[in-house]
Number of protein chains: 2
Amino acid sequence: MSKSSDAVHAILRQSEGFRSAQDIFTKMRADGAKIGLTTVYRALQSLSDDGRVDMLRTDDGESVYRACESDVHHHHLVCRRCGHTVEVAGPDVERWAEAVGADYGFTEVTHTVEVFGTCPDCASAAGSR
Amino acid sequence: MSKSSDAVHAILRQSEGFRSAQDIFTKMRADGAKIGLTTVYRALQSLSDDGRVDMLRTDDGESVYRACESDVHHHHLVCRRCGHTVEVAGPDVERWAEAVGADYGFTEVTHTVEVFGTCPDCASAAGSR
DNA sequence: GTCGGTTTTGACAATGGTTTTCATTTTGCC
DNA sequence: GGCAAAATGAAAACCATTGTCAAAACCGAC
């Protein structure tokens with residue numbers, strides 16, 4: 001459980017934002033790697049278990065992963081149309097989450113915050129809903 | 001798009017927390033309603049579009065719905081151990097999300113915020129990871 | 001080098017929630 | 001009643017994810 005995991009991790013580190021498992025698989029195959037989809041999922045799972053990648057679900061139920069750059073905690077502003085991602089820091093949110101948790105006596109509080117929207121480009125590029 | 005929707009909405013209002021679509025379907029059938037799974041999904045979708053029910057995804061990708069009691073938008077504080085859920089309002093977060101979106105020119109900004117932690121009960125009840 | 005056993009891998013099948021399809025039924029309206 | 005539009009539901013299609021299982025890679029021991 002290492003060579004493949006490392007390869008997947010590498011792909012993730014080369015990537016900007018979040019990527020789906022299938023996406024990663026496709027890219028790896030395109031890069032010439034001989035890897036199976038199953039293995040990608042397994043790698044992703046163990047990496048996530050080890051806390052080396054972040055995993056979250058998009059609105060349509062797909063899981064997406066990102067290499068964890070644990071030093072700085074930040075969130076993402078994702079364009080729901082083109083997928084363009086901006087990293088945003090949100091000290092206020094961090095504080096709020098902690099406060100809320102503490103308020104109810106919760107410990108080991110973590111939080112997931114994702115902001116979705118339509119980016120300027122896509123907005124001007126038109127659109128029906 | 002009304003009789004069924006109303007029926008589904010009624011079930012939801014009778015329920016305490018979140019229920020899955022399949023769950024609702026099963027219950028309605030048990031209650032003697034002649035309704036199809038498809039219709040339940042359709043009803044849920046339109047109710048959700050109209051903002052009359054809240055919809056969210058569990059960690060395993062299942063969609064769950066709940067009658068919207070408060071017209072106010074709120075988030076959840078979930079115990080990662082026992083699943084106990086507390087509803088929390090977060091005006092600050094709402095404002096922050098909007099501000100962040102606006103900052104980058106994003107429109108139609110929505111956000112997902114979930115706070116996880118270990119609730120007091122579970123914390124005292126102990127544990128291994 | 002090779003033997004034996006353990007781990008990893010990946011093609012493929014299976015799962016399961018959700019969505020689509022499409023023919024039938026119901027509804028609203030004249 | 002008659003007709004068209006909307007709603008319905010059974011079954012099929014989807015599709016991301018997970019399970020299966022036999023083959024391949026790995027590894028320490030001989």
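Being a predicted model, the structure only gives us computed values, none of them experimental. Below, read A as the first sequence line, B as the second, and so on, with proteins coming before strands; counting in each chain starts at 1.
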Assess whether salt bridge (Lys or Arg N to Asp or Glu O under 4.0 Å) is satisfied between A/Asp23 and A/Lys27, documenting all intermediate values. CA-CA 6 Å; A/Asp23 189 20; A/Lys27 174 154 181 46; over 6 Å; no

Heavy-atom donor-acceptor pair, A/Thr26 side chain to A/Gln22 backbone, under 3.5 Å: yes

What does B/Ser20 touch in the nucleic acid at a heavy-atom separation under 4.0 angstrom: a base, only the sugar-phosphate, or nothing? nothing

Of the candidates C/dT18, D/dT17, D/dT18, the side chain of A/Gln45 sits closest to D/dT18

Send over the distance from A/Met55 CE to D/dA16 P, rounded to a whole Å. 15 Å

Quick one: is D/dT17 close enough that its OP1 or OP2 comes under 4.0 Å of any side-chain N or O from A/Tyr41? yes

Return the value, rounded to whole Å, for the distance between atom CG of A/Leu44 and atom P of C/dT8. 16 Å

Tell me the interatomic distance from B/Glu62, atom CD, to C/dG16, atom C1', rounded to whole angstroms. 9 Å

Report the residues that fulfil salt bridge (Lys or Arg N to Asp or Glu O under 4.0 Å) with B/Asp50, sequence neighbours left out, ordered by chain and then residue number. none

Can you tell me the distance, in whole Å, between the CD atom of A/Gln22 and the P atom of D/dT17? 6 Å

Within residues 28-38 of chain A: residues closer than 4.0 Å to DNA chain C (heavy atoms): A/Arg29, A/Lys34, A/Ile35, A/Gly36, A/Thr38

Below 3.5 Å, does any donor atom in the side chain of A/Arg42 face an acceptor in the base of C/dG10, or the other way round? yes

Among the candidates C/dT19, C/dT9, D/dT18, find the nucleotide nearest to the side-chain atoms of A/Ser4. C/dT9

Atom CG of A/Leu47 and atom P of C/dT8: how far apart are they, to the nearest Å? 13 Å

Whole angstrom is fine here: how far is it from CG in B/Asp6 over to P in D/dA7? 12 Å

To the nearest Å, how far apart are A/Asp49 CG and D/dT18 P? 11 Å

Do A/Met55 and A/Leu44 come within less than 4.5 Å of each other through their side chains, counting heavy atoms only? no

What is the distance from atom CD1 of B/Ile24 to atom CZ of B/Arg29, rounded to the nearest 0.5 Å? 14.5 Å

Interatomic spacing from CG in B/Asp31 to CD1 in B/Ile11 - rounded to 0.5 Å: 5.0 Å

State the OG-CD distance between A/Ser63 and A/Gln45, to the nearest 0.5 angstrom. 9.5 Å

